[in-house]
Amino acid sequence: MHMSNENPPLLPSSGLNDQSLTGHDITPVANSSCSVMYTSTLSSERREQPIKLLWIVLGMRSGLFLAELIVGLWVHSLSLLAVAGHMMVDVLAIAVALVVAELNRSSSKKVDLNPNHLEAWSAAFNSLLLLGIAVFVAWSAFKQIQAPQVSTGLPMLIMAVLGFLVKGVNAALLYEESHHSLNIRGVFFHAIADAVNSISLLVASLAVLLLNWFWADAIASIFVSLLILINALSLFWESLKTIKTELN
């Protein structure tokens, strides 16, 4: 039997090289696509995380604000009402932080609002509100020193402990994310400052409960009003600088 030594006819060229026929060029494309999808997923989760944390903190702070306000009115505790007033401004600040985080998450070109601009104007408004609360609390505290009102120490003590725990949990939840977001960092430092307010309320409630030093409530109120005043002035100054930068 005669075997032909002629080479078999070549297949018509399809414009694909051997590498494409073996599918080796498909793998990098697939890997690249998976990498892009994985990166996109991580980026989406990174944008969602601050919003979830802020919603949790907002719910906890809102409940604490209502409790402090109701108990403060019930036992006639000026220091507890002062802390509740500060908490009200914090709730507003967290609500604005949520709006800013939502704008940053959406990153929509249809949104004409500048998140930094919105945050700065809101901070300026909150600082003026804080200044009003600080002045009112200090004025009421000086009046109470002259004529101390009888207040119940045990409800104050319970609210002081509850407030310290809630603010401590808030700070713990926000600590990690505060390293990545300036917006979250502001809420985190608010939680730390509020914890100091709770400590002053705790000391005043113990003085009222154990020693019947009803004037301690007024002293704690003055201390809280000073902290609010310092915080308000700092916030107002920072917001003014941001607004001037945005306008320029």
Side-chain angles (χ1 to χ4, degrees), residues 60-94 122-171 186-240:
M60 297 176 69
R61 293 288 190 94
S62 299
L64 181 61
F65 160 69
L66 292 176
E68 289 175 342
L69 179 63
I70 293 172
V71 175
L73 293 173
W74 172 41
V75 302
H76 306 288
S77 171
L78 184 59
S79 60
L80 190 53
L81 290 175
V83 172
H86 194 191
M87 182 64 64
M88 178 188 68
V89 178
D90 282 353
V91 169
L92 293 176
I94 294 172
S122 175
F125 173 77
N126 287 338
S127 64
L128 293 177
L129 189 58
L130 279 173
L131 284 173
I133 292 174
V135 171
F136 174 76
V137 169
W139 176 72
S140 300
F142 282 115
K143 287 182 61 179
Q144 186 170 332
I145 288 177
Q146 298 173 358
Q149 296 182 5
V150 177
S151 56
T152 307
L154 184 58
M156 289 174 58
L157 179 62
I158 294 174
M159 290 308 305
V161 173
L162 178 62
F164 184 78
L165 291 176
V166 169
K167 293 158 189 174
V169 170
N170 289 171
V187 180
F188 170 75
F189 284 127
H190 266 287
I192 298 298
D194 288 341
V196 176
N197 291 341
S198 294
I199 293 176
S200 67
L201 181 62
L202 178 63
V203 173
S205 62
L206 288 175
V208 171
L209 182 64
L210 301 177
L211 303 173
N212 290 328
W213 289 356
F214 298 111
W215 50 265
D217 184 43
I219 298 299
S221 302
I222 294 175
F223 177 74
V224 172
S225 67
L226 288 176
L227 291 179
I228 294 176
L229 181 63
I230 295 172
N231 188 16
L233 291 176
S234 174
L235 184 62
F236 185 71
W237 179 250
E238 290 296 326
S239 61
L240 280 184

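Note that the coordinates shown come from a computational prediction; the quantities given were computed from them, not determined experimentally.
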Atom pair CG/CG of L235 and L240 - distance to nearest 0.5 Å: 9.5 Å
I'd like to check the side chain to side chain contact (heavy atoms under 4.5 Å, CB included) partners of V169; sequence neighbours left out, ordered by chain and number. M60, L173
The side chain to side chain contact (heavy atoms under 4.5 Å, CB included) partners of A67 (sequence neighbours excluded) come to M159
Any side chain to side chain donor-acceptor pair (under 3.5 Å) involving residues 155-171? Give me the pairs, sequence neighbours left out, ordered by first then second residue. R61-N170, K167-S198
Validation row: M156, L201 side chains within 4.5 angstrom (heavy atoms): yes
Would you call L129 and M88 a side-chain contact if the rule is heavy atoms closer than 4.5 Å? yes
L73 and L81 have their tightest heavy-atom pair at N-CD2, 3.7 Å
Any non-hydrogen side-chain atom of V137 less than 4.5 Å from a side-chain atom of V224? no
Would you give the length of the straight line joining atom CG of N231 to atom CG of L130, rounded to the nearest 0.5 angstrom? 6.0 Å
Residues pairing under salt bridge (charged side-chain N to carboxylate O under 4.0 Å, His left out) where one sits in residues 126-143, two or more places apart or in two chains, turn out to be none
State which residues pass side chain to side chain contact (heavy atoms under 4.5 Å, CB included) with I158; sequence neighbours excluded, sorted by chain then number. L154
Quick check: closest heavy atoms across S140 and L78, and the distance to 0.1 Å? C-CD2, 3.5 Å
Among V71, I70, L69, find the one that has a side chain to side chain contact (heavy atoms under 4.5 Å, CB included) with L80. V71
How long is the span from the CG atom in L202 to the CG atom in L162, to the nearest 0.5 Å? 12.0 Å
Check for a donor-acceptor pair, side chain of S79 on one end and backbone N or O of S221 on the other, with a separation under 3.5 Å. no
For D217 and S77, work out which heavy atoms get closest and say how close. OD1-OG, 3.1 Å
Please test I228 against V89 for side chain to side chain contact (heavy atoms under 4.5 Å, CB included), starting from the C-alpha separation and ending with a verdict. CA-CA 10 Å; I228 294 176; V89 178; over 6 Å; no
What are the two closest non-hydrogen atoms of F236 and S127, and how far apart are they? CD1-OG, 3.1 Å
Counterpart residues, side chain to side chain contact (heavy atoms under 4.5 Å, CB included), relative to W213 (two or more places apart): A207, L211, W215, A216
How close do L229 and A134 get, heavy atom to heavy atom, and via which atoms? N-CB, 4.0 Å
Nearest heavy-atom neighbours spanning F188 and A171: CE1-O, 3.3 Å
